[in-house]
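Here the structure is a predicted model, which means the values were calculated and not measured.
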Amino acid sequence: IKECDWSSDVCSSDLEVLTFECDATDADNDKLSYTWSANTGSFNRTDSNIVNWTAPDTNVTAEIYIAVSDGTISVSDTTKLTIIPRPTLTLGSVSPGSGNIDSTYTYVVTYTDPSNNAPSVYSIILDGETFSMEKGSGTYSTGVSYSYQSQLQEGSHNYHFEFKDFRDSTLRFPQVS
């Protein structure tokens, strides 16, 4: 059996699906069997030369292992991937829930990044207008509250929060206004 080469070594993010391919050959043209395993994450199958692997939702180094056998000789290889979970927006709210034109409304959302990176953009979109939010205290790995205060005209109002993480990916909460 010729050495099994990895198609690529990559850095993954949480819940991302990666495809691994093992290109192995046998000098005698014997049928090859494949066995994949990992210390974390999950495979769609473990008995093929091409597999899909889903990264976990934790900050961890994943070790991916492949063994190839022709029934007589076996070879194996391992690679390591750094899993970087994506940040989240949670606990979005407005208080008070209703009022009048003299009421001050406070909009709050919590940004959490397990890698402890700050967002590059932290905004509320209120009735189609974008406003920057104020950062509260805390660490990004455990969650930082952001807030915005405003007085509003009478009537119904729509809002959502939009942040950009260090990868320049947009996070939105709620998903639909």
Min side-chain heavy-atom separation Phe131-Leu126 under 4.5 Å: yes
Looking only at heavy atoms, the pair that brings Gly136 and Val144 closest together is O-CG1, 3.6 Å
In this structure, CD1 of Ile50 is separated from OG1 of Thr19 (nearest 0.5 Å) by 8.0 Å
dist Phe43:CZ -> Thr54:OG1 (nearest 0.5 Å) comes out at 9.5 Å
Practice problem: Taking the side chain as every heavy atom from C-beta outward, state whether Leu18 and Leu81 have any atom pair closer than 4.5 Å. | Solution: yes
In this structure, CG of Asp30 is separated from CD1 of Ile73 (nearest 0.5 Å) by 8.5 Å
Sorted by chain and number, sequence neighbours left out, side chain to side chain donor-acceptor pair (under 3.5 Å) with Asp127 holds for His157
In terms of heavy-atom contacts, Arg86 and Pro114 come closest through O-CD, 4.0 Å
What one should report as the nearest heavy-atom pair of Pro119 and Tyr122 is CG-CD2, 3.9 Å
Enumerate donor-acceptor pairs with a distance under 3.5 Å from any side-chain N or O in residues 146-154 to protein atoms, sequence neighbours excluded.
residue: Tyr146; atom: OH; partner: Tyr140; partner atom: OH; Å: 3.4
residue: Gln149; atom: NE2; partner: Thr106; partner atom: OG1; Å: 3.0
residue: Gln151; atom: NE2; partner: Asp102; partner atom: O; Å: 3.1

Thr110 meets the side chain to side chain contact (heavy atoms under 4.5 Å, CB included) criterion, sequence neighbours left out, with Thr90, Leu91, Thr112, Ser145
With hydrophobic residues grouped by side-chain heavy-atom distances under 4.5 Å, do Val108 and Ile124 end up in a single group? no
Shortest non-hydrogen pair, Leu32 vs Ala24, comes out as CD1-O, 3.6 Å
dist Thr142:OG1 -> Asp113:CG (nearest 0.5 Å) comes out at 11.0 Å
Margin query: Is any side-chain heavy atom of Tyr34 closer than 4.5 Å to one of Asp47?
Written below: no
- Any chance the rings of Tyr107 and Tyr159 have centres within less than 6.0 Å? yes
Quiz item: Looking only at atom types and distance, does a side-chain atom of Trp36 sit under 3.5 Å from a main-chain N or O of Ser48, one as donor and one as acceptor?
Solution: yes
Those residues at least two apart in sequence (or on a different chain) that pass side chain to side chain donor-acceptor pair (under 3.5 Å) with Asn116 are none
Sorted by chain and number, sequence neighbours left out, side chain to side chain donor-acceptor pair (under 3.5 Å) with Ser95 holds for none
Residue set satisfying salt bridge (charged side-chain N to carboxylate O under 4.0 Å, His left out) with Asp168, at least two apart, ordered chain then number -> Lys164
Handout entry: Ser123 vs Phe163, side-chain contact (heavy atoms from CB on, under 4.5 Å): CA-CA, chis, key distance, verdict
Key = CA-CA 6 Å; Ser123 303; Phe163 284 49; over 6 Å; no
Rounded to the nearest 0.5 Å, the CD1 atom of Ile66 sits from the CG atom of Asn49 at a distance of 8.5 Å
field: Within-4.5 Å side-chain heavy-atom neighbours: Lys135 and Tyr111
entry: no
Under the 3.5 angstrom rule, does the side chain of Asn39 hit a backbone N or O of Glu63 as a donor-acceptor pair? yes
| task | Could you please spell out the steps behind the side-chain contact (heavy atoms from CB on, under 4.5 Å) verdict for Asn117 and Asp165? | result | CA-CA 8 Å; Asn117 292 305; Asp165 67 10; over 6 Å; no
Residues Gly92 and Phe161: closest non-hydrogen pair is CA-CE1, 3.8 Å
Correct closest heavy-atom pair for Ile64 and Trp53 would be CD1-CE2, 3.6 Å
Find out if a path of hydrophobic residues (ILVMFWY) with successive side-chain heavy-atom gaps under 4.5 Å connects Val109 to Val94. yes
